[in-house]
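Each remark here refers to the structure printed beneath this line.
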Amino acid sequence: MAQAVEDWYKQMPIITRTYLTAAIVTTVGCSLDIISPFNLCLHPTLVVKHYQFWRLITNFLFFRKMDFLFHMFFLARYCKLLEENSFRGRTADFLYMLLFGATFLTGTVLIGGMIPYLSESFAKIIFLSNSLTLMMVYVWSKQNPFIHMSFLGLFTFTAAYLPWVLLGFSVFVGASAWVDLLGMIAGHAYYFLEDVYPRMTGRRPLKTPSFIKALFADEAVVVARPANVRFAPPPAEEVHQD
């Protein structure tokens with residue numbers, strides 16, 4: 001069993017493995033009182049006035065105890081699926097997608113905190129890890145909309161509705177709907193700018209910077225399949241909660 005888990009971990013692509021490891025270590029450290037969540041959360045005043053810039057990163061690494069396993073499953077699965085399939089051979093582009101999502105989410109929360117009637121709701125959002133996870137789920141669902149799935153064996157649906165199903169589940173268990181909605185908004189923003197807008201205009205606004213590409217300069221080049229090649233539809237998946 002231990003060997004199987006080790007093999008599964010080693011076979012993960014580099015970005016997924018790094019993010020999953022950092023999230024598990026951070027969350028477990030908080031559970032054991034080695035790290036205080038207060039020192040990790042997104043606190044605008046401490047970031048701007050006290051230069052605690054690490055909070056811009058660490059707030060994406062902590063997951064609450066009540067849904068830790070649930071989000072670890074989705075993080076491991078859909079982050080891995082994106083990196084291995086949609087971004088196969090494009091690790092730099094995948095990293096840039098995560099950076100875009102993190103920046104978009106952080107900026108939205110900071111700006112929302114200054115808007116009347118919204119500031120109170122946004123002030124409660126001090127960790128964006130769940131939002132970033134749902135962003136990845138959203139992007140995957142837009143790229144694989146026709147895959148048939150089931151949720152806890154209760155009902156079936158296509159992958160295009162997966163983010164909405166997860167949003168409904170979060171509301172059902174009493175979690176904040178804002179957190180999931182932000183992830184969906186960030187995912188849609190990326191999908192539009194990366195997939196829809198370039199087809200409309202021929203311009204790609206989210207072109208990965210050269211200094212990020214340089215980090216993965218030795219990565220093997222993967223040739224894209226011709227547009228006229230058709231594959232059989234993938235098998236149905238089952239979404240379940242650990």
Side-chain angles (χ1 to χ4, degrees), residues 5-29 40 42 53-63 67-107 127-144 159 162-163 166 179-180 182-195 204-224 237 242:
V5 173
E6 182 180 355
D7 292 341
W8 169 80
Y9 178 78
K10 289 181 178 180
Q11 290 172 3
M12 277 189 175
I14 181 62
I15 302 299
T16 300
R17 185 168 67 244
T18 301
Y19 187 21
L20 183 66
T21 302
I24 292 176
V25 170
T26 301
T27 305
V28 171
L40 307 176
L42 180 61
F53 299 119
W54 68 80
R55 294 177 181 272
L56 299 174
I57 298 175
T58 56
N59 82 92
F60 290 100
L61 302 179
F62 175 74
F63 291 82
D67 54 8
F68 172 68
L69 293 178
F70 185 62
H71 280 91
M72 285 301 98
F73 167 77
F74 281 96
L75 175 59
R77 177 156 185 77
Y78 293 101
C79 187
K80 182 173 182 287
L81 283 174
L82 281 175
E83 189 171 0
E84 287 186 339
N85 297 314
S86 301
F87 291 88
R88 185 175 183 84
R90 300 191 297 129
T91 304
D93 294 339
F94 183 62
L95 176 60
Y96 190 55
M97 183 198 80
L98 295 182
L99 293 175
F100 168 83
T103 303
F104 183 95
L105 290 169
T106 302
F127 290 102
L128 289 165
S129 47
N130 290 7
S131 299
L132 188 60
T133 299
L134 196 64
M135 173 196 167
M136 289 185 276
V137 172
Y138 186 93
V139 172
W140 179 86
S141 71
K142 296 296 287 186
Q143 296 178 347
N144 303 272
L162 177 59
L166 297 180
V179 174
D180 286 359
L182 285 176
M184 294 169 65
I185 293 171
H188 189 76
Y190 178 82
Y191 171 74
F192 177 81
L193 293 174
E194 179 66 13
D195 294 333
R204 186 185 174 198
L206 293 184
K207 186 177 181 181
T208 304
S210 56
F211 74 89
I212 295 180
K213 285 186 174 293
L215 298 175
F216 307 96
D218 296 332
E219 187 174 24
V221 176
V222 176
V223 180
E237 295 187 17
D242 290 336

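Just so we're clear, the structure is a prediction, and the values are computed from it rather than from any experiment.
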Any idea which heavy atoms bring [X] and [Y] closest together, and the distance?
X	Y	result
A186	F100	O-CE2, 4.0 Å
G183	L105	N-CD2, 4.1 Å
L95	I212	CD2-CG2, 4.1 Å
P13	E83	CB-CD, 3.2 Å
L42	L56	CD1-CD2, 3.9 Å
T27	F62	OG1-CA, 3.8 Å

For this session: Determine, for E84 against R88, whether the closest basic-nitrogen to carboxylate-oxygen distance falls under 4.0 angstrom.
Result: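 Result for this pair is no, no salt bridge flagged.
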Out of curiosity, [X] [atom1] to [Y] [atom2], how far, rounded to the nearest 0.5 Å?
X	Y	atom1	atom2	result
W140	K80	CH2	NZ	13.0 Å
F94	I14	CZ	CD1	11.5 Å
Y191	D195	OH	CG	5.5 Å
R17	T21	CZ	OG1	7.5 Å
S129	L61	OG	CG	8.0 Å
L132	L182	CG	CG	11.5 Å

Check whether any side-chain heavy atom of [X] sits under 4.5 Å from a side-chain heavy atom of [Y], and report yes or no.
X	Y	value
T26	F63	no
E194	R204	yes
L40	N59	no
L75	M72	yes
L82	M97	yes
L98	F60	no
L166	F74	yes
V137	M184	no

For this session: Step by step, work out the side chain to side chain contact (heavy atoms under 4.5 Å, CB included) result for Y19 and M136.
Result: CA-CA 13 Å; Y19 187 21; M136 289 185 276; 4.0 Å; yes
For this session: Give a yes or no on whether the backbone of L99 and the side-chain of T103 come within a donor-acceptor separation of less than 3.5 Å.
Result: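 Yes.
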Problem set entry | Main-chain N/O of S86 paired to Q143 side chain as donor or acceptor, under 3.5 Å |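 Flag not set: sc Q143 to bb S86 has no pair under 3.5 Å.
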Exercise. Does CD1 in I57 sit with more than 12 non-hydrogen atoms of other residues, nucleotides or ligands closer than 6.0 Å?
Worked result: no
Exercise. Parallel, tilted or perpendicular: which fits the ring planes of Y138 and H188, with parallel below 30° and perpendicular above 60°?
Worked result: perpendicular
For this session: Begin from the C-alpha positions of T133 and Y78 and carry the test side-chain hydrogen bond (donor to acceptor under 3.5 Å, both in side chains) through to its verdict.
Result: CA-CA 8 Å; T133 299; Y78 293 101; over 6 Å; no
For this session: Check the pair T91 / Y96 against side chain to side chain contact (heavy atoms under 4.5 Å, CB included), numbers first and verdict last.
Result: CA-CA 9 Å; T91 304; Y96 190 55; over 6 Å; no
